[in-house]
Amino acid sequence: MGCITSTHFSININGRAEGFFPGKRGLRQGDPLSPYLFVLSMEILSRLLRHLPSYPGFSYHPKCVKLNLTHLVFADDQLVFTRGDVPSVVAVARCLEVFAGYSGLQANPFKSL
């Protein structure tokens with residue numbers, strides 16, 4: 001278990017700090033912590049997206065109104081449902097900007113069609 005010291009981490013062995021290593025951003029592929037961090041970050045994004053109907057100009061997709069459905073999350077995909085008019089898309093963009101401010105993650109515009 002390490003403790004944070006600015007951008008360096010110490011390694012505790014039997015309760016004593018035994019050395020430091022520089023902290024880096026991100027996780028390696030296959031890191032066992034990765035799925036948990038993904039689920040936590042998607043939970044934050046889901047909570048933000050649940051508030052989309054309160055954004056000015058947001059309108060549900062016509063087939064999602066009865067369900068009050070704004071989004072779905074799958075293994076590594078996020079689907080956002082909206083009417084597709086400019087005010088609704090702007091509301092989604094604002095929501096994603098808030099999430100980016102919290103997490104540092106940004107939507108890839110080339111994958112967002």
Side-chain angles (χ1 to χ4, degrees):
M1 189 103 174
C3 61
I4 298 174
T5 310
S6 70
T7 58
H8 287 78
F9 296 88
S10 67
I11 298 174
N12 290 326
I13 300 175
N14 295 327
R16 292 183 23 208
E18 296 293 335
F20 291 91
F21 61 94
K24 294 183 180 177
R25 214 174 139 174
L27 296 172
R28 288 187 171 193
Q29 188 172 358
D31 190 306
L33 192 56
S34 181
Y36 298 108
L37 292 176
F38 175 78
V39 167
L40 287 173
S41 64
M42 288 301 100
E43 179 62 26
I44 293 167
L45 181 56
S46 287
R47 288 177 185 223
L48 290 169
L49 291 171
R50 274 188 225 130
H51 293 288
L52 271 175
S54 66
Y55 280 63
F58 177 81
S59 297
Y60 286 100
H61 184 279
K63 295 190 178 194
C64 299
V65 174
K66 289 181 183 176
L67 298 172
N68 294 327
L69 183 65
T70 57
H71 67 287
L72 292 174
V73 179
F74 294 101
D76 60 355
D77 287 323
Q78 177 87 30
L79 299 174
V80 179
F81 304 106
T82 181
R83 176 171 281 155
D85 58 356
V86 172
S88 296
V89 173
V90 168
V92 172
R94 286 187 186 141
C95 188
L96 293 175
E97 286 172 5
V98 170
F99 178 70
Y102 290 156
S103 66
L105 300 172
Q106 294 182 351
N108 182 341
F110 299 109
K111 291 184 176 182
S112 302
L113 300 173

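Here the shortest heavy-atom pairing between Ser46 and Val73 reads OG-CG2, 3.7 Å. In plain terms, the two heavy atoms of Thr82 and Ser59 that are nearest each other are OG1-O, 3.2 Å. Residue Pro87 comes nearest to Gly57 through the heavy atom pair CB-O, 3.4 Å, listed as atom of the first residue, atom of the second, then distance. The nearest pair of heavy atoms linking Thr70 to Leu49 is OG1-O, 3.3 Å.
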Donor-acceptor contacts, no H, no angles, side chain residues 62-69, under 3.5 Å, sequence neighbours left out:
none

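Through direct or indirect side-chain contacts shorter than 4.5 Å among Ile, Leu, Val, Met, Phe, Trp and Tyr, Val86 is connected to Val90.
The salt bridge (Lys or Arg N to Asp or Glu O under 4.0 Å) search around Glu43 returns Arg47, Arg50, not counting sequence neighbours. For Arg83, there are no salt bridge (Lys or Arg N to Asp or Glu O under 4.0 Å) partners at least two apart in sequence or on another chain.
Counting only residues at least two apart or on different chains, the ring-ring contact (aromatic ring centres under 6.0 Å, His included) pairs with a member in residues 60-107 are Phe58-Tyr60. Applying the salt bridge (Lys or Arg N to Asp or Glu O under 4.0 Å) test to every pair with at least one member in residues 84-101, sequence neighbours left out, gives no pairs at all.
Leu72 and Val92 fall into different hydrophobic clusters, where Ile, Leu, Val, Met, Phe, Trp and Tyr residues are linked whenever their side-chain heavy atoms come under 4.5 Å apart, directly or through other members. Linking ILVMFWY side-chain heavy atoms closer than 4.5 Å, directly or via other members, places Met42 and Leu40 in two distinct hydrophobic clusters. Residues Leu96 and Val89 do not share a hydrophobic cluster, defined by chaining ILVMFWY side chains whose heavy atoms lie under 4.5 Å apart.
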